[in-house]
Each structure stands twice: as C-alpha cells, then as structure tokens.
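The structure appears right after this line, and notes come after that.
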Amino acid sequence: FKVFFSVPTSLTTLTALSSIDLEDCGLTGPLPDAWSSLTHLTYLHVAKNRFSLTLPTSWSKLINLVSLDLSDNFMLGTLPVAWSTLGNLQQLSLDGNPGLGPSFPLAWSTSMLSLRTLVVDPVMLAGILPTQWQPLAGLGSTATAVRRLRSSGSSNVNVDACAISAVRTGRA
C-alpha cells in the first residue's frame with residue numbers, strides 16, 4: 001500500500017538548489033512548471049513516481065542540468081523542442097513512459113552534444129535518432145537498434161527487454 005502526494009511547491013523558494021532526488025517518493029500530478037526557476041539544478045531525478053501529462057517546455061530554462069531521470073512515470077506527448085537549450089545534459093532517462101515520443105526533435109541533435117547516456121523504451125526508437133549521437137547513429141527502428149547494439153560488442157551498451165541504454169564514448 002503506497003500513499004501518493006503532490007509535489008511540494010516550497011522547493012521553488014530554494015533558488016540555489018543544485019540537486020533534487022525524489023525517486024520513488026509517491027508523488028503524483030504534473031511535473032511542476034515552477035521548477036524552471038531552479039536554474040542552478042544540475043541533478044533532477046524523479047523516477048518511479050506517478051507524474052503524468054506532458055513534459056514542461058518551461059524546463060528549457062534548466063540549462064545547468066547534467067542528469068535528468070524521468071523514468072517510470074506516466075508522461076505523455078512529444079519531447080519538447082524547447083529542451084534543445086539543455087546543452088550540458090549528459091544523462092537522460094525517459095524509459096517507462098509508454099505515452100512519450102515517438103521521436104526526438106531534430107534541434108536536440110545540434111545542441112545536446114554533451115549527452116553520454118540515453119535510456120529510452122524501444123518504442124521511442126520508432127523515430128530516427130540524431131546522427132550526432134554516436135554510437136546510436138543511424139538507428140531507425142527498434143529491431144535495427146537491438147541488432148546493431150548487440151553486434152557492436154561494446155562493453156558500454158546494455159540491451160534488455162525493456163530499454164536500450166548506450167553510453168557515448170566520444171563526440172562525433
């Protein structure tokens with residue numbers, strides 16, 4: 001038995017906050033637009049809650065984010081083009097949100113060049129990944145992605161039934 005709560009709005013008063021880890025805290029509702037005022041955030045993990053609705057485009061103001069984990073929620077809709085401002089992002093986890101996707105905004109391919117880890121559900125790979133995201137370049141479908149990742153023999157690629165995770169080893 002788990003009790004679910006709304007996100008505390010008082011977090012936005014902590015303007016120098018650099019890290020939020022609310023993983024598996026029983027939170028529900030939409031992701032707060034107000035968090036966009038927390039511009040010093042580098043680490044934001046809210047996995048395994050019951051957040052729903054769309055990803056806030058206002059989070060494009062979180063330009064210092066290095067790690068963002070939104071996995072295992074109930075997110076819907078497309079990935080915000082506005083997030084192309086998140087150029088410092090190194091890790092992005094979106095798996096466990098079957099209503100999210102199905103493709104990546106092209107603007108991300110020229111702006112998210114620091115991205116090293118991308119975790120998505122195979123269904124999200126229905127779109128074409130930006131070619132600049134090596135070694136995921138050219139993956140057009142889930143079946144192709146799984147075949148290529150398995151045949152790459154790279155020790156930094158993990159494939160399982162639920163998600164594909166790859167670590168980029170260098171810039172393209």
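Hydrogens, waters and symmetry mates are skipped; everything else that's a heavy atom, side chains included, is used.
- Looking at H40 and T15, their side chains never bring a donor and an acceptor atom within 3.5 Å of each other.
- In this structure a side-chain-to-backbone donor-acceptor pair under 3.5 Å is present from N49 to C25.
- By the 4.5 Å heavy-atom criterion applied to side chains, L115 and W108 are not counted as neighbours.
- D69 places no side-chain N or O within 3.5 Å of a backbone atom of A47 that could act as its donor or acceptor partner.
- Rounded to the nearest 0.5 angstrom, L17 CG and L44 CG are separated by 9.5 Å.
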**Request:** List the steps, then state whether side chain to side chain contact (heavy atoms under 4.5 Å, CB included) holds for T12 with W35.
**Result:** CA-CA 6 Å; T12 57; W35 283 1; 3.9 Å; yes
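- Hydrophobic clustering keeps V66 apart from L70 (ILVMFWY residues linked when any side-chain heavy atoms are closer than 4.5 Å, directly or through intermediates).
- Between the side chain of S93 and the main chain of V119, no donor-acceptor pair closer than 3.5 Å is present.
- Residue L41 holds its CG atom at 4.5 Å from CD1 of I20, rounded to the nearest 0.5 Å.
- With sequence neighbours excluded, no residue forms a side-chain hydrogen bond (donor to acceptor under 3.5 Å, both in side chains) with T39.
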Contacts under 3.5 angstrom, residues 79-88 side chains, donor-acceptor by atom type, not counting sequence neighbours:
from: W83; atom 1: NE1; to: P56; atom 2: O; distance (Å): 2.9
from: S84; atom 1: OG; to: V81; atom 2: O; distance (Å): 3.1
from: T85; atom 1: OG1; to: S60; atom 2: O; distance (Å): 2.5
from: T85; atom 1: OG1; to: A82; atom 2: O; distance (Å): 3.3
from: N88; atom 1: ND2; to: I63; atom 2: O; distance (Å): 2.8

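- To the nearest 0.5 Å, the span separating CG on L94 from CG on L55 amounts to 7.0 Å.
- Taking CG from L62 and CG from L89, the interatomic distance works out to 10.0 Å, rounded to the nearest 0.5 Å.
- In this structure, D24 CG and H45 NE2 are separated by 14.0 Å, a value rounded to the nearest 0.5 Å.
- Contacts of S19 classified as side-chain contact (heavy atoms from CB on, under 4.5 Å), with partners at least two apart in sequence or in another chain: Y43.
- Contact record, M75 with L31: CE-CD1, 3.6 Å, taken as the closest heavy-atom pair.
- Taking both residues in full, the closest heavy atoms of S36 and S58 are given as CB-O, 3.1 Å, listed atom of the first, atom of the second, then distance.
- Residues S37 and A34 share a closest heavy-atom pair of OG-O, 2.9 Å.
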